Amino acid sequence: MLSCKEATRLMSEAQDRPLSRGEKLLLEMHLAMCRGCRNFRTQMDFLRLACRQFMRRWNGQDDGSPPP
Amino acid sequence: MLKFAQMQLRDAAMAEDAVQEALAAALAGERSFAGRAALKTWVFSILRNKIVDLIRLQSRTTNVSALADDEAGMDETFEALFKANAHWRPEARPFGWGNPEDTLRQERFWEVFEICLNHLPEKTARVFMMREFLEFETDEVCRKLNLTISNCNVILHRARNGLRRCLESNWFSSGEKPC
């Protein structure tokens, strides 16, 4: 059984590489029971989204200053 | 662009040089551009490569895999989120952040986001930004910085958790209560 601490490592790595079937299974079993880790996963997805948007904001700028 | 380079390199003079070189390289090229946006994308892609070259140079002189004090501090803070059995302490359990679109529309959020990014330890931030902003694959980041995959994973996990915690306490904490 995964601990929450181990689950956070897998959820971070899931942002970088596809997890193996075994890892996915372990993680899903843990998430089914753990609201804190489900929230952690949503937060990881949020960070990825925020970073993408952050870059688009920079790229969309004409003078390189932060957007108004 | 300058500010972007500064965030990545954390060195004003280096950032200025990088941007100037990128602009010069873009102007010296013989490509023609349909518009301002195309030119900007082109300059940015040159800048991206310049930044990576500089980061590689920096990482040769500093030991990226050695644990700095600020990084060790972050790891302690992370460990403290858990009980002895490695499950969340009730007060540290991540909570819901609500609708992401609503958050990302708020200008004030981006200020907090930038402050939290700048708050990450230097080496941690570099690896994270190479991955998330310059959008290199993780194994590319590791290779360019001479890090092992597991070391890279540890650094990215540290960065993500640090950023998450910073946003949680400085932006989201007035929102939903931990459940």
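Residue numbering restarts at 1 for every chain, and letters A, B, ... go by the order of the sequence lines. No experiment lies behind these values; they were computed from the predicted model shown.
- For the residue pair B:E132 and A:Q15, no side-chain donor N or O sits within less than 3.5 Å of a side-chain acceptor on the partner.
- A:C51 and B:F128 get closest at one heavy-atom pair: SG-CZ, 3.8 Å.
- Counting heavy atoms from C-beta on, the side chains of B:W88 and A:S3 never come closer than 4.5 Å.
- With A:F54 as the fixed residue, the ring pair (Phe, Tyr, Trp, His ring centres under 6.0 Å) test singles out one of B:F113, B:F109, B:F4: B:F113.
- Only the side chain of B:E101 comes within less than 4.5 Å of a heavy atom of chain A; its backbone N, CA, C and O stay farther away.
- Neither the backbone nor the side chain of B:L81 comes within contact range of chain A; no heavy atom of the residue lies under 4.5 Å from a heavy atom of that chain.
- Looking at B:E111, neither its backbone nor its side chain comes within 4.5 Å of chain A, counting heavy atoms on both sides.
- For B:D139, no part lies under 4.5 angstrom from a heavy atom of chain A.
- Counting only heavy atoms from C-beta outward, the side chains of B:E168 and A:Q43 approach each other to under 4.5 Å.
- Here the two rings, on B:F95 and A:F40, have centers that are 6.0 Å apart or farther.
- Both the backbone and the side chain of A:C37 come within contact range of chain B, each with at least one heavy atom under 4.5 Å from a heavy atom of that chain.
- A:S12 pairs with exactly one of B:R160, B:H157, B:R164 by the side chain to side chain donor-acceptor pair (under 3.5 Å) rule, that one being B:R160.
- In this structure, B:L156 and A:D16 have side chains that are in contact, with non-hydrogen atoms separated by less than 4.5 Å.
- Between the CH2 atom of B:W97 and the CG atom of A:N39 there is a distance of 9.5 Å, given to the nearest 0.5 Å.
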